[in-house]
Enquirer: 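The structure under discussion is supplied below as C-alpha cells; questions concerning it will follow.
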There are 2 protein chains.
Amino acid sequence: MKHLPHKTIERLSQYRRALLLCHAKGMTHIYSHEIAKIQHITAVQVRRDIMLIGYTGTLRKGYNVKELIDLIGQIIDSVEGINVCVAGIGNLGRAITNYFSGKRTKLSIVAVFDVDKSKIGKKYHGIECYAIEEMARVIKDKKIEIGIITVPAEDAPAISEMMVKAKIKGILNYTPKPVNVPSEVYLEEYDMITSLEKVAFFVKTD
Amino acid sequence: MKHLPHKTIERLSQYRRALLLCHAKGMTHIYSHEIAKIQHITAVQVRRDIMLIGYTGTLRKGYNVKELIDLIGQIIDSVEGINVCVAGIGNLGRAITNYFSGKRTKLSIVAVFDVDKSKIGKKYHGIECYAIEEMARVIKDKKIEIGIITVPAEDAPAISEMMVKAKIKGILNYTPKPVNVPSEVYLEEYDMITSLEKVAFFVKTD
DNA sequence: TTAACAATGTGAAATAATTAACATTTTTCT
DNA sequence: AGAAAAATGTTAATTATTTCACATTGTTAA
C-alpha cells in the first residue's frame, strides 16, 4: 500500500459512504459488481482499489461490509480527527456546514468566519461565526488544519493568504478564482461554473 | 481538433474566465506562462491546450486575449445557448443560482424547482420557482437541456428519473448519492464530502 | 465426484494526461 | 549584421489511470 492514486482515494471515500448505507440495511457482504453498479464504474476498478489497500474478500461471498468500512476508515481518516473551518457563511458556506454537521466524526467544522458584522457571534448549525480578523487566533486555538473558502471570488486570494499565514495545512477553494499557496499547503479547487460548462459541452457533442 | 480531452475542456473554461478579467483590465496579449501562473499549471500545458483548439499565438507577443476568448467561446458554447434548471432551492441551489445569474449569456438558468409549497411561485434571482410535479411540463416548455440536482441526497434518484423522463440531455448531480441515467444522458457528479476527505487524506500524508 | 459456474486477485496491455526536449522564429542588443 | 534571448508549436517520452484477460478457487448441481 505504497502511494494510493488520487482517484482511488476519491473512490474509497465514496465506497465507504455506499457501504455505510448497506451496513445500515443489514447487509453483511457485498460483491465488487454491486459496489460498481452503485458508483457506475466497473467491477474491476472496485477490485483494484480494494486490492491497493490490501484488503481481500471472500471468494464467492464478496467483501465483508463492516470490515471494509473499518479498513477504509483506517486509510483515509486520521486517528485524532481533523478540525475544519469555513470562510464565508453565505449560501454555499451554509450548504457545506449543513452537509457536514454530525456526518463524519473524524472531520469536524469547528469555526466559520465572515465579514458581515451581523453574522458574527451567531451560530450556524451549532458552529460559532467569528470575524475574519480573528482567523489567525481561532485557527491556532482550535487547532484547525483545513480551511474551506466560500467567500466571494474577489476575496478568495486574501482569505487564502490569511489561512496560509495561520499555518493551515490544506485548503479547499470553492470560488472560481484560483488562489496561490506555498507547496507545503495542499490545495484543492473546484469551480461550479467550469463543471456546468463542461456538461454543456458534452451535451452538445456526443 | 478531433476529440478534446475532458481535462482540456475544463481548463479552457477556466482560461476564458481568467482571460475575461485580463481583457477587462485592458490587456491585449498574454503569454502562456502568464495564464499558467494564474491557473497554477505549466506553460506547456497551456500551449498544448491552445494548440488542440487550433489557435496560434504570435511569437514573442503571446496570445491575443480577445481572439482567444472568442475562439474558446466558439468551442465550448453552443450557438443558440442552453437553458438550465436547478432542482432544490435550498442553500446550495441558491448559491448556484446566484453564481450564474447574469454571468454567462450562453448558459441561463431559466427555472428552479422545489417541493416546499412556500417557495413555489417565488422568484430567486429573478428565476421563478415551480413545483416538482410541473417539472416535465416546464422542461419541455422552456426547452431546458441541463438539470442541476441540489435536493437532499435521498431524493436525488427520483429527481434524476423525472429529468430523464422529461428528456433532459445532461445532469449535474451535487448530492452525495450517485444517480443512474441512460447512456444518452451526460452525467457529471460532484461530491463535496469526498473532496474534503481527499484534502484531509493528503494533508495527513504528504 | 466431477463439471460448470461465479466470484476474487492481478500481471499485462491499452488509454489518457502530463511533461520534457527541442526546433523555430521574432525581437533586441551589441 | 550577427549573436543572444524569449517566446511559440510539436514530437516524443513519461506518468497516471483504466481495462483486459485470465489464473485461481470456493460453491453448486448433476
Side-chain angles (χ1 to χ4, degrees), chain A residues 1-15 19 22 27-65 67-68 71-72 183 187-189 194 198 201-202 205-206, chain B residues 1-15 19 22 27-65 67-68 71-72 183 187-189 194 198 201-202 205-206:
Chain A
M1 200 186 60
K2 214 61 246 307
H3 288 314
L4 294 173
H6 280 221
K7 290 296 177 68
T8 294
I9 296 299
E10 292 176 9
R11 284 189 299 262
L12 287 173
S13 159
Q14 288 161 359
Y15 297 163
L19 290 168
C22 295
M27 288 173 61
T28 62
H29 288 76
I30 193 166
Y31 299 127
S32 60
H33 65 259
E34 293 176 300
I35 300 178
K37 186 84 180 292
I38 299 172
Q39 304 296 140
H40 20 79
I41 54 177
T42 66
V44 187
Q45 181 121 80
V46 173
R47 291 204 300 276
R48 179 161 299 275
D49 286 334
I50 290 174
M51 183 190 99
L52 289 175
I53 62 173
Y55 184 67
T56 123
T58 324
L59 197 50
R60 286 290 284 228
K61 295 200 97 182
Y63 303 96
N64 181 301
V65 173
E67 282 177 15
L68 192 45
L71 182 58
I72 293 175
S183 64
L187 174 67
E188 178 93 11
E189 304 197 300
T194 286
K198 186 181 172 192
F201 177 82
F202 285 108
T205 51
D206 60 26
Chain B
M1 199 186 59
K2 214 61 246 311
H3 288 314
L4 293 173
H6 279 222
K7 289 296 179 68
T8 294
I9 296 298
E10 292 177 9
R11 283 190 299 262
L12 287 173
S13 160
Q14 288 161 359
Y15 297 163
L19 290 168
C22 295
M27 288 173 62
T28 63
H29 288 77
I30 192 166
Y31 298 127
S32 61
H33 66 258
E34 293 177 301
I35 301 178
K37 187 84 180 292
I38 299 171
Q39 304 297 139
H40 21 78
I41 55 177
T42 67
V44 187
Q45 181 119 79
V46 173
R47 292 204 299 276
R48 171 163 300 276
D49 287 333
I50 291 174
M51 183 191 98
L52 288 175
I53 62 173
Y55 184 67
T56 123
T58 324
L59 198 50
R60 284 292 286 230
K61 293 200 98 181
Y63 304 96
N64 180 301
V65 173
E67 282 177 16
L68 191 46
L71 181 58
I72 294 175
S183 63
L187 174 67
E188 178 95 9
E189 305 197 299
T194 286
K198 187 182 171 191
F201 176 82
F202 286 107
T205 52
D206 61 26

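In what follows, every chain begins at residue 1, and chains take the letters A, B, ... in the order their sequences are listed.
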Enquirer: Walk me through it: do A:L19 and A:Y63 pass the test side chain to side chain contact (heavy atoms under 4.5 Å, CB included)?
Expert: CA-CA 10 Å; A:L19 290 168; A:Y63 303 96; over 6 Å; no

Enquirer: Please classify the nucleic acid contact of A:T8 as base, sugar-phosphate, or nothing, using heavy-atom distances under 4.0 Å.
Expert: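 The residue A:T8 makes no contact with any strand.
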
Enquirer: Rounded off to whole Å, could you give me the CD-to-C1' distance for the B:Q39 and C:dT18 pair?
Expert: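 Nearest whole value for this atom pair: 16 Å.
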
Enquirer: Does A:I41 reach the side chain of A:V46, with side-chain heavy atoms less than 4.5 Å apart?
Expert: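 With C-beta onward as the side chain, the pair touches.
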
Enquirer: Rounded to whole Å, please give me the gap between NE2 in B:H29 and C1' in C:dT26.
Expert: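 Rounded to whole Å, this separation is 13 Å.
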
Enquirer: Rounded to whole Å, how long is the line connecting atom NE2 of B:H33 with atom C1' of D:dA7?
Expert: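 Between C1' of D:dA7 and NE2 of B:H33: 9 Å.
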
Enquirer: Atom CD1 of B:I41 and atom P of C:dA20: how far apart are they, to the nearest Å?
Expert: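 Result: 14 Å.
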
Enquirer: Could you check if a side-chain atom of A:D49 sits within less than 4.5 angstrom of a side-chain atom of A:Y15, using non-hydrogen atoms only?
Expert: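 Yes; the side chains approach each other to less than 4.5 Å.
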
Enquirer: When you get a sec, tell me which of D:dT17, D:dT25, D:dG9 is the closest nucleotide to the side chain of A:L59?
Expert: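 Given the options D:dT17, D:dT25, D:dG9, the side chain of A:L59 is closest to D:dT25.
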
Enquirer: Find which nucleotide of DNA chain D each of A:K61 and B:I50 is nearest to by heavy atoms, and output the residue with the more 5' nucleotide.
Expert: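 Here B:I50 is the residue nearer the 5' end.
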
Enquirer: Select from B:P5 and A:V44 the residue whose nearest nucleotide in DNA chain C is closer to the 5' end of that strand.
Expert: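 The residue whose closest nucleotide sits nearer the 5' end is A:V44.
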
Enquirer: May I have the distance from B:L52 (atom CG) to D:dT11 (atom P), rounded to whole angstrom?
Expert: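 Distance check: B:L52 CG to D:dT11 P gives 11 Å.
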
Enquirer: May I ask you to verify if any side-chain N or O of A:R11 is less than 4.0 angstrom from the OP1 or OP2 atom of D:dT18?
Expert: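 The answer is yes; a side-chain N or O of A:R11 sits under 4.0 Å from OP1 or OP2.
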
Enquirer: Mind calculating the distance between CG (B:N64) and C1' (D:dT8) to the nearest angstrom?
Expert: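 Computing the B:N64:CG to D:dT8:C1' distance gives 15 Å.
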
Enquirer: Within the structure shown, what part of the strands sits under 4.0 Å from B:S32 by heavy-atom distance: base, sugar-phosphate, or nothing?
Expert: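 Sugar-phosphate: the residue B:S32, judged by heavy atoms under 4.0 Å, touches backbone atoms but no base.
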
Enquirer: In whole angstrom, give the distance that lies between atom CD of B:Q45 and atom C1' of D:dG9.
Expert: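 My rounded result for the distance is 15 Å.
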
Enquirer: Of all the choices, C:dA7, C:dA12, C:dT18, which nucleotide is nearest to the side chain of A:R48 once you look at every atom?
Expert: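 So the nucleotide nearest the side chain must be C:dA12.
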
Enquirer: Verify side chain to side chain contact (heavy atoms under 4.5 Å, CB included) between A:I50 and A:R47, making sure each step is shown before the conclusion.
Expert: CA-CA 5 Å; A:I50 290 174; A:R47 291 204 300 276; 5.8 Å; no

Enquirer: Separation of A:D49 atom CG from D:dT18 atom P, in whole Å?
Expert: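 Interatomic distance, CG of A:D49 to P of D:dT18: 8 Å.
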
Enquirer: From the set D:dT19, D:dT27, C:dA21, return the single nucleotide nearest to any side-chain atom of A:R60.
Expert: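 The answer is D:dT27, which lies nearest to the side chain.
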
Enquirer: Going by heavy atoms in the side chains, are A:Q45 and A:R11 under 4.5 Å from each other?
Expert: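 Yes; the side chains approach each other to less than 4.5 Å.
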
Enquirer: Given D:dG9, is OP1 or OP2 found less than 4.0 Å from the side-chain N or O atoms of B:R47?
Expert: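 For B:R47, the contact criterion (side-chain N or O under 4.0 Å from OP1 or OP2 of D:dG9) is not met.
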
Enquirer: Strictly below 4.0 Å: does A:Y63 bring a side-chain N or O up to OP1 or OP2 of C:dG9?
Expert: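 Indeed, a polar side-chain atom of A:Y63 lies that close.
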
